[in-house]
Structure formats: C-alpha cells, structure tokens
Amino acid sequence: MTIGPSFDSVLAAARTGAGWARTRLYQSLAPAVAGYVRAQGVADPSDVTSEVFVSVLTRLPSFEGDEEQFRRWVFTIAYRRVVDEWRSQARLRDTSSVVAGVGPTGSTPSHAPAAEDVALAHLGRERVAELLATLTPDQRHVVALRVVADLSLEQVAELLGKPVGAVKALQHRALASLRRTIEGRAVSR
Amino acid sequence: MRRPSDSWDDMHREPPLDDPFLTDFLTELRSWGTDEAPEPSPALATLLVGVDRVDPVPPPARRTKMLVSKLAGFGIAAKVALGVGVAAAAVTTAGAVGVLPDAAQHGVATVVNAVSPIEIPDVSARLGADVASDGGLDADVTVPPTTVTLPAGAPADDATDDDGAAAPDNHGACVSAAARDRSLSGREHGQAVSAIAQSDCGKGDEGSTTSTTTVPGDEAGASGGNRGSGNANGHANGNAGNGNGKAGSGKG
C-alpha cells in the first residue's frame, strides 16, 4: 500500500507528531514489514514489527526523502532489527522460539513436511515458511525483500551492503534451491 | 530446465510454467506483505497517537453544545427529574441565604435542618415563637426580652466603633458568646441566641457585660431609639428596627 502524492504532507505532519499521519505511515508499510519479519522466522513478528516502527517514528525527524526512499529506509531498520533478533536468539540457543522451523541457520527443520504435503495445489503459510527455512539467511533476506517488501535489486543491494551482482547471485541460487526442493519432493512422491 | 530470472518482474510475471509449486510459493509469499497491519504494541500505540493524544479542553461553546446534546438525548422522565432537581437545588440555595418569602423560608429551613447538618435561617426561630398559621410573619408577635449574660472575658468594649455602628467581628463574637452560654437550654437557648444575633449585641450598653434585646417589631422602634442614639449613618445589620430607631431618635 502506497500513500502516493500526499506522502510529503503526511510525512511532514508525522514529524510534528500528528497521530493521523503516523498511523497512515504505519498502515502503509506495517503489513509488508510484518511479512518480511515473519519470512525471516522471527519468533514474534508482531512484536518485532512494533519495535521497528517505534524506531522509525523516533528517528523520523532525521529522515529526508520521498516515499520510495522512506520504504527502503524502513526496511533497512527492519533488516537490522531482524539481525539483532537472530543474534539474540542464537545467544539464548532457544530453537523452540523459531516459528515453523525457520531460523537463522537456514537448516531444514527436523519436522520437514512429507513430499505429498508439499505437493499440494496451493501452498499454505506453513509450507512457505518451511520452504524458506531451507534457504540461507542471505538468500532468505533477498527473496523476502524482493517479493514481500517489493524492493528493486539495487535497493536490496544497498540495504544489504552488497554489490548488485552479489544480490542477483543470491536470488538465483535461492530460486534454484527452492525449485530443487519442490521438484525433488514432488518426484519422490 | 528454465533458469530463474534475475528481476522480480521476471520472477513474478514469468514463473517457470513447468513449476506451478514455485509459482504458488512466490504468490503466497507475496501475500504476506498485504495482510492487515499487526496490532501495535503499547509503546508503538503511544507513538502512533502522537500529539493527538492530548485532548484539548473543549471551548465553552462546544461544552454547551455537548450539554444540550446530552439533554436532548434524555427521556421525558429524566428531563422532568432533572428539572425538579435543579428547582429544588435553587430553592434550597435561596433558603440557605434567607431570601425566600418567610413562609417558604420556614419550610425550607425545617426540611434542610432536619435532614442535613447544614443550618439555615428559620424565620420562626428568629421570631422566637411559632408562626401563627393565619398571621405568619405579619402577626403581631412579641417575645419577652431575653437577657443574656456575656462571659466576663467577652470584649464588650469592642462591640462598637466610634460612630456607634456595630463592628462585624464584635457582633460575631457577641453572638458566639451567647451561643456558648449554657445558662439556658433547648428552645430557650436557641431563642436567646437568635435574638442576640438579631440585635446590635451590646451596642447600646457600651462597656456592659449584659445586653438586653427585644425582637424587632413594634417595640423595635423604641428599642432602636434607645440603642441607636446618635446614629446618623445607619447600621450594618440594616434591619427595619434601625429605621424605626432613627425615627425614635428623632422623636426623642
């Protein structure tokens, strides 16, 4: 959901503390941020999403740019928050906090679905989460930022601090891996 | 096998046709970004409300409008009850300050003094006699003079100022002293205190520890004449007795 031509006025109002403008900014990006956070296998996506927007609204006076830049800025904060969450989870070594087996290690969950379950006509959320869990963290970031956050290759590259070519390679390998996983399970059915 | 594309557009719009599951995967994943916004945490909710959180005090016009709107929403019974309540409060307030007609004042005083610790003036007590049903306050009622002995420490010499007008503080002290005096009790005590309160409280007997008062009425003129000698400026308590007193002085 984009705000459109009124973005500048909404942003200006949000900077002054107007609740309606802040709510508008939140509603325009919170679903995508929550989806991105969920795709990273964070234990409590809603809580982390709220933390991301607390940071966004707190730092709002320092932001300058248009709506596209604002979107990239928000996802940069979300990416860093997710990385922090992963580190925190790693310290706790509490693998049970990872939703549906999706974790920072990119390992296949122990309760990997049977091939016939994966080969359903329509993939449910849990199946998608399980497939994401087969990717490496970088691959998962790239796929989620490209698909859920709807960022361009260049934006993702800037956000991750990687060259665009490296991001392309990560995306290529991620899709190939997903295809292999899906096809392999379908074949084994 | 078809290679995956390097851009999202190719990835999304031209999915491998031989791989419907990958298409489903990407479609499903994309829908994650179009859900409802999650419920904000309390900390975020506070920030989202922003400065709108501070509810400004509504201006008087708005408050009046709100009051009218609320009243309009009341039922007929509620409006009648509210009206009766407001009227009762107004009558009670008027009774408390003693501006009601005497008959009404007596009624209000009887009720309020009976049901609450608040004491409001009662004309019948002020007269020291029951109000005759036919005569009311206009009846020619004479109450025997009541003699009240003030305590020895009472500042009787401060009861009047240079021009003979009763000083409010001394009047209060005089009445207070009379109230504390327990030589009388019950109804007689009340009558005595009431009479003292209505009097000039020792003004005519400067330096005396005893004041003799009479109730206002036909005799008040003579009494006022006695007490009000030399008073050309009127009295602070300003009752009818003072006017008669002046006349008495003139006659004297």
Side-chain angles (χ1 to χ4, degrees), chain A residues 1 13-14 16-23 25-36 38-39 45-47 49-51 53-54 57-58 118-125 127-128 131-132 143-144 146-153 168-169 171-172 174-176 178-179 182-183 185-186, chain B residues 1-67 69-70 73:
Chain A
M1 182 193 308
T16 64
W20 66 268
R22 292 181 167 204
T23 301
L25 291 177
Y26 176 73
Q27 289 176 339
S28 71
L29 281 177
V33 170
Y36 165 72
R38 185 179 298 114
S46 296
D47 192 45
T49 301
S50 287
E51 291 176 5
F53 277 92
V54 166
L57 294 177
T58 303
V118 176
L120 296 173
H122 181 74
L123 292 173
R125 296 204 160 200
R127 303 293 184 271
V128 170
L131 287 171
L132 283 171
V143 170
R146 297 279 283 123
V147 177
V148 182
D150 205 15
L151 297 180
S152 67
L153 276 174
K168 281 184 181 179
Q171 177 180 297
H172 171 82
L175 292 179
L178 288 170
R179 179 177 293 111
I182 293 172
E183 287 180 347
R185 288 175 180 172
Chain B
M1 179 180 289
R2 184 175 174 178
R3 288 173 58 93
S5 302
D6 284 338
S7 70
W8 159 243
D9 286 344
D10 292 339
M11 204 161 51
H12 189 63
R13 292 173 190 165
E14 300 178 17
L17 296 178
D18 59 342
D19 201 342
F21 297 114
L22 186 57
T23 304
D24 281 349
F25 169 82
L26 295 175
T27 303
E28 175 64 30
L29 181 58
R30 185 171 177 78
S31 73
W32 287 19
T34 58
D35 288 346
E36 290 286 318
E39 190 73 19
S41 65
L44 177 60
T46 302
L47 284 173
L48 288 176
V49 173
V51 295
D52 297 350
R53 184 184 186 186
V54 180
D55 187 21
V57 177
R62 182 181 165 195
R63 276 185 278 184
T64 303
K65 188 176 180 180
M66 289 167 58
L67 180 59
S69 298
K70 285 182 180 179

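Chain A is the first sequence line, chain B the second, and so forth, proteins listed ahead of strands; every chain is numbered from 1. The model shown is predicted, which means the values in this text are computed figures rather than measured ones.
With a threshold of 4.5 angstrom between heavy atoms, A:Ser28 does not approach chain B through any atom at all. Contacts between B:Thr34 and chain A at a heavy-atom distance below 4.5 Å involve the backbone alone (N, CA, C, O). Neither the backbone nor the side chain of A:Tyr36 comes within contact range of chain B; no heavy atom of the residue lies under 4.5 Å from a heavy atom of that chain.
Heavy-atom minimum distance, A:Ala30 versus B:Ala37: CB-CB, 3.8 Å. Counting all heavy atoms, side chain and backbone alike, A:Val147 lies closest to B:Leu26 at CG1-O, 3.8 Å. Nearest approach of B:Glu39 to A:Ser50, heavy atoms of both residues: O-OG, 3.8 Å.
Atom CD of A:Gln27 sits about 8.5 Å away from atom CG of B:Leu48, to the nearest 0.5 Å. Once rounded to the nearest 0.5 Å, the distance linking OG1 of B:Thr46 with CG of A:Leu57 reads 11.0 Å. The CZ atom of B:Phe25 sits 4.5 Å away from the CG atom of A:Leu178 when rounded to the nearest 0.5 Å.
Between A:Arg125 and B:Trp32, some side-chain heavy-atom pair lies under the 4.5 Å cut-off. At a threshold of 4.5 Å between non-hydrogen side-chain atoms, the residues A:Leu132 and B:Leu29 count as touching. Here the side chains of A:Thr49 and B:Leu44 are not in contact, with every heavy-atom distance at 4.5 Å or above. Between A:Phe53 and B:Pro40 there is no side-chain heavy-atom pair separated by less than 4.5 Å.
Ranking A:Gly35, A:Ala174, A:Pro31 against chain B, the residue ahead of the rest is A:Pro31, based on heavy-atom pairs under 4.5 Å.
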Is there a side chain to side chain contact (heavy atoms under 4.5 Å, CB included) between B:Asp35 and A:Arg38? Walk through the geometry before answering. CA-CA 12 Å; B:Asp35 288 346; A:Arg38 185 179 298 114; 3.9 Å; yes

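Looking at A:Arg179, its side chain never comes within 3.5 Å of a backbone N or O of B:Leu22 through a donor-acceptor pair.
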